[in-house]
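Have a look at the structure below, then the notes.
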Amino acid sequence: MTQYSIWVLEYAYVANYHVSGIVYGAHNQGFRKLPYCYVLIKGNGTVAMVDVGYNEKDVGAEMARKFNVEAWQSPAAILSQCDVTPEQVEHVFLTHAHFDHMGNTDAFPNAKFYIQEKEVAKWVWAMALDQRFRWLNLATDPNDVLRVVDLARQGRLICLDGDKDDVLPGIDCRAAFDTHTWGSMFVTVRNGGGGSVADNWVLAGDLVYSFENLVGQDPEAPPQYVPVGLGVGSQTNLIFTTDQMVQEGGGNVERVIPIHEEGLRDRFPSRINSNGLRVTELALADGERSRVA
Amino acid sequence: MVGGEAASNLPLSSDLDDRTVAYVLKARESFERLRRGASQLAGLLVLAAIGSRTAQGNPMLEMATAVHQEAADGLKALKPTAQSAHHHFHLCRAAERLGEALTITRHVLHLDEAVSDRVSGLMKEALEDLRWAGRALPGFELVNFSQGCCAMHGAPPSRDGNKTLRFRSTGERA
């Protein structure tokens, strides 16, 4: 029995992103496409997401102008590909507090948002530091901070203190402290319902960007973990977290999903919409129809 | 500097006269200080909203107040030109609203719901003014993407070709 349908939904992309930002130390290796995505999870009578993307109104023009982010589409348009509306989303797992993952909470008026308390606390801590330390606040939008205030006051922000099993039935949040960010987390969906890890899906946030972070860059060499290009925490923590994610995926690296990986379209059933954005279907709950067929 | 970028890499695109360029270079300090002050006060509101006992009496309030004062002093010293008048208007209004939010916060014992509402509203207005200021002239960024992980740094010129700083002397015709 498959409990949840899971789709990776591309909502914008950078056509040419430097590989060294994706794989630590991969200098002078050119550029590749970097999709921006979030994950939709539907089943067991609820709709959930992992991350929510960014708000075009606030930062979109700047992103387009300065960083060549292209083809942004609203959550309403993107979710409609799976016959879901933003209003139907009840739970959102925020893997970390970067603008392209949590910058569009306003678009989901009925959702509760789960984030690690440490991510919020360290975020605030970094704001209090002298401007010499402002690198620690990179990619932080002050408007996101106020949105978090609104969510908390509305009782829609749930701060987690470390790992938490069964936040929803069969869905676990796993803390990954001091890695990509101070309070990052990943989400494991135990989709079989029968205790078999073979049915697990691990939704990695930015703890891995690409398949190369999971197996290394040399296909002839034994696999190895290589951290992503940016961590405010430790690269050591990043690669041990990567191993933890692989273990939660039953030892199968293909069950760890890097949302910024364009190659997902070749590994899993996918389709490209008229705006050039991709829908990737990881799993279909019993009775759910395919959105990529 | 804003966003950790050297002035020589300012993404200015419009033809600006020398006096306006001078204004931009000076105004960036005030803009950055207002952005920092707003972020710090917003951080304080987060602590209050999640029930942290460290919200009241947190040194961030004094830091935000100090950085706002520095920004306000800097604004007084600015000499806006015709090209920068719109920018200056929004920067001043942002400073005014942030100042009011800070004053309210400093004079209450508890950030209760009503106070938080008022402060949060002023903060949103201040940030909106900063955003408008950022749109009025190039070189003012509310979010620091300079070394962000998912943005393309050193991107080739975008479709509108706006990537390089262009100065135009006051005597030069557009």
Side-chain angles (χ1 to χ4, degrees), chain A residues 14-18 21-22 31 34 36 58-59 61-70 98-101 103 117 120-121 123-131 134-135 137-146 148-154 157 159 180-181 206 209 228-232 260, chain B residues 1-4 11 13 32-33 35-36 38-52 54-55 58-60 63-64 67 113 116-117 119-120 123-124 126-128 130-131 134-135 138 141-160 162-163:
Chain A
V14 178
N16 291 295
Y17 184 79
H18 50 100
I22 296 170
F31 302 86
L34 187 81
Y36 284 27
D58 284 350
V59 297
E62 187 174 7
M63 292 301 293
R65 175 181 63 80
K66 191 167 180 186
F67 300 119
N68 296 342
V69 178
E70 299 178 38
H98 282 163
F99 77 99
D100 59 319
H101 293 259
E117 184 174 2
V120 177
W123 198 32
V124 173
W125 164 80
M127 288 170 200
L129 297 176
D130 184 85
Q131 66 170 332
R134 67 182 178 276
W135 181 84
N137 277 319
L138 58 84
T140 297
D141 183 347
N143 285 292
D144 286 349
V145 186
L146 286 178
V148 164
V149 172
D150 287 342
L151 291 175
R153 296 180 57 214
Q154 293 162 11
L157 184 74
C159 289
H180 179 61
T181 62
D206 274 0
Y209 286 158
V228 297
L230 179 102
V232 300
H260 287 295
Chain B
M1 292 196 301
V2 174
S13 58
E32 168 61 14
R33 284 173 174 147
R35 194 191 69 80
R36 281 186 62 214
S39 295
Q40 288 168 343
L41 184 53
L44 204 60
L45 292 178
V46 170
L47 292 178
I50 65 174
S52 168
T54 64
N58 192 298
M60 254 196 324
M63 294 171 70
V67 82
E113 195 163 331
S116 288
D117 266 346
V119 171
S120 182
M123 294 281 296
K124 285 174 184 170
L127 287 172
E128 192 60 23
L130 286 181
R131 188 170 304 287
R135 288 171 181 165
E141 291 157 3
L142 199 50
V143 186
N144 175 8
F145 294 121
S146 60
Q147 289 168 307
C149 51
C150 294
M152 172 59 195
H153 318 298
S158 56
R159 280 164 293 189
D160 61 2
N162 293 342
K163 189 64 186 171

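Residue numbers start from 1 in every chain, and the chains themselves are labelled A, B, ... in the order their sequence lines are given, proteins ahead of strands.
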key: Interchain contact, B:L45 with chain A, by part (heavy-atom threshold 4.5 Å)   = both

Side chain to side chain, A:V145 and A:W123, heavy atoms closer than 4.5 Å = yes

task = State, to 0.1 Å, how close B:A42 and A:V149 come at their nearest heavy-atom pair, and which atoms those are.
result = O-CG2, 3.9 Å

query = Based on non-hydrogen pairs under 4.5 Å, which of A:L157, A:D150, A:L146 is most in contact with chain B?
reply = A:L146

request  = Determine the minimum heavy-atom distance between A:A15 and A:E70, stating which atoms define it.
outcome  = CB-OE2, 3.6 Å

inquiry  = Counting heavy-atom pairs closer than 4.5 Å to chain B, which one of A:M127, A:E117, A:R153 comes out on top?
reply    = A:R153

key: Note, A:H260 side chain near A:I22 side chain (heavy atom, < 4.5 Å)   = no

inquiry  = Does any backbone or side-chain atom of B:M123 lie under 4.5 Å from a heavy atom of chain A? Answer side chain, backbone, both or neither.
reply    = both

